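Here is the structure we will look at.
If you're wondering where the values come from, they're calculated on a predicted model, not measured in any experiment.
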Amino acid sequence: MNELGKKIDKISNQLTDLRWEIWTKHSLFTWQWWMLLGLCIVVSILFIILIKKEKLVQTIAYFGIIFILNKYIDEIATALDWYDYRIQVQPGIVPSMLVANLFIIPMALSIIYQRYSKWKPFLIALGLFSVFTSYIALFFLKIVGIYLEKAWNAHWSCISLVVMGVIAKIVIDRVVLIQAHNNGDQSNSDPSSPIT
């Protein structure tokens, strides 16, 4: 087992060196790199402008769930070599797309969640975003050499985005409901509240 561990370490170090080389020599400061960086900035500004401050806590919680789910799916998919990223904003030591995982997907889905609290409009907006991201945005990223699709496809991307969005909404809506219920119970049982 010790020998196998050493082999894994050696291959892992070689892979890290190769990812560092592709990032420094073929990714950093290319027009695609600048485009991804610009997307991060634009999406962040839109998020700050469009976010409703009165629902900030539950929106940030929703953002967190989407970030965790999306990052987890991304790490599994890249580890299993279903797809890869050839150009990234951050150093490519870890094969993960920071632009999608931290900015575009969680921020866009959080805005959708906040803007559409009822299920029907939420599902419509979520579906439109998922279709656009999976069938148009990823196709464009493939054409410009940022994204390399292998055993993955647009259908899986679309399904995963919808599932993530729905799971996060169910969780946060449930937590908000429990909190509202508990706050109601506390006010009724609070000894300092006036008797009516």
| Under 3.5 Å donor-acceptor, Ser27 side chain and Ile87 backbone | no
| message | Quick check: closest heavy atoms across Gln114 and Leu56, and the distance to 0.1 Å? | response | NE2-N, 4.4 Å
| Should Glu3 and Lys7 count as an ion pair when the cut-off is N to O under 4.0 Å? | no
| said: Please check: side-chain N/O of Arg115 versus main-chain N/O of Ile51, any donor-acceptor pairing under 3.5 Å? | reply: no
| task | Say whether, by atom type as modelled, one donor and one acceptor occur between the side chain of Ser134 and the main chain of Val131 under 3.5 angstrom. | result | no
| task | For residues Pro106 and Ser110, report the shortest heavy-atom separation together with the two atoms involved. | result | O-OG, 2.6 Å
| query | Are the charged groups of Arg19 and Asp17 less than 4.0 angstrom apart, N to O? | reply | no
Under 3.5 Å, sequence neighbours excluded: what are the donor-acceptor pairs made by side chains of residues 169-179?
from, atom 1, to, atom 2, distance (Å)
Lys169, NZ, Ser117, O, 2.7
Lys169, NZ, Asp173, OD2, 2.8
Asp173, OD1, Tyr113, OH, 2.8

| More than 12 heavy atoms of other groups within 6.0 Å of Trp156 CH2 | no
| Okay, side chain of Tyr62, backbone of Gly165: is any donor-acceptor separation there less than 3.5 Å? | yes
| remark: ring-ring contact (aromatic ring centres under 6.0 Å, His included) filter on Tyr83, not counting sequence neighbours, yields Tyr85, Tyr147, Trp152
| field | Thr133 side-chain N/O to Ser130 backbone N/O, donor-acceptor pair under 3.5 Å | value | no
| message | Ring centroids only, cut at 6.0 angstrom: are Trp23 and Trp20 within range, meaning strictly under it? | response | yes
| field | Heavy-atom pair of closest approach, residues Ile22 and Arg86 | value | CD1-CD, 4.2 Å
